[in-house]
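These notes concern the structure reproduced below.
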Amino acid sequence: MSEEDLVDIKFRIYDGSDIGPFRYSATSTVNILKQRIVSDWPKGKTLVPKSVNEVKLISSGKILENNRTVGLCKVPFGEVPGGAIIMHVVVQPSLTKAKTEKIDDSPKKTACGCSIL
């Protein structure tokens with residue numbers, strides 16, 4: 001594989017810190033990138049993806065589909081020689097957990113005995 005077929009990518013997460021850069025083949029899929037993000041997620045972050053399904057990658061303002069290749073995600077203009085492509089990572093926790101949690105919406109009593117709805 002020639003050096004031209006490899007792409008350096010950094011992943012910018014919600015707090016502005018980066019994961020990477022890592023070098024990928026132009027034929028690697030977005031799904032492979034997401035697997036790497038989940039496995040290398042920094043410790044101590046408040047929001048942690050549990051699977052690749054909870055990760056969205058954004059490049060050049062577009063959400064990338066899992067079957068898309070890195071070669072198709074390269075910026076067509078103004079590429080900096082030796083620079084890395086920065087992809088933004090959005091974590092969307094699964095809704096199934098949120099739906100199964102019971103929300104307590106019963107009236108609350110204050111110190112004066114009044115109910116709060």
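In this text, all values refer to a predicted model and were calculated from it rather than measured experimentally. Heads up: numbering here begins at 1 and tracks the sequence.
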Which heavy-atom pair separates [X] from [Y] by the least distance, and what is that distance?
X	Y	value
S39	R36	OG-O, 3.1 Å
S25	V70	O-CB, 3.7 Å
T46	Y14	N-OH, 3.1 Å
P42	I13	CG-CD1, 4.0 Å
W41	L47	NE1-O, 3.1 Å
D15	S17	OD1-OG, 2.6 Å

To the nearest 0.5 angstrom, please state how far the [atom1] atom of [X] sits from the [atom2] atom of [Y].
X	Y	atom1	atom2	answer
K56	N53	NZ	CG	7.5 Å
M87	K10	CE	NZ	13.0 Å
D18	H88	CG	NE2	9.0 Å

In the single-linkage hydrophobic clustering (I, L, V, M, F, W, Y; side-chain heavy atoms under 4.5 Å), do I19 and V89 co-cluster? yes
Are I37 and I86 linked, directly or through intermediate hydrophobic residues, by side-chain heavy-atom contacts shorter than 4.5 Å (ILVMFWY only)?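 I86 and I37: separate clusters.
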Are any of the side-chain heavy atoms of [X] and [Y] separated by less than 4.5 Å?
X	Y	value
V91	V48	no
S28	T69	no
V7	I85	yes
E54	Q92	no
L57	F11	yes
N66	K34	yes
V30	N67	no
I9	L33	yes

Is it the case that over 12 heavy atoms from other parts of the model lie below 6.0 angstrom from the CD atom of E65? no
Going by atom types alone, do T29 and N31 pair a side-chain donor with an acceptor below 3.5 Å?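 N31 and T29 do not have a side-chain donor-acceptor pair below 3.5 Å.
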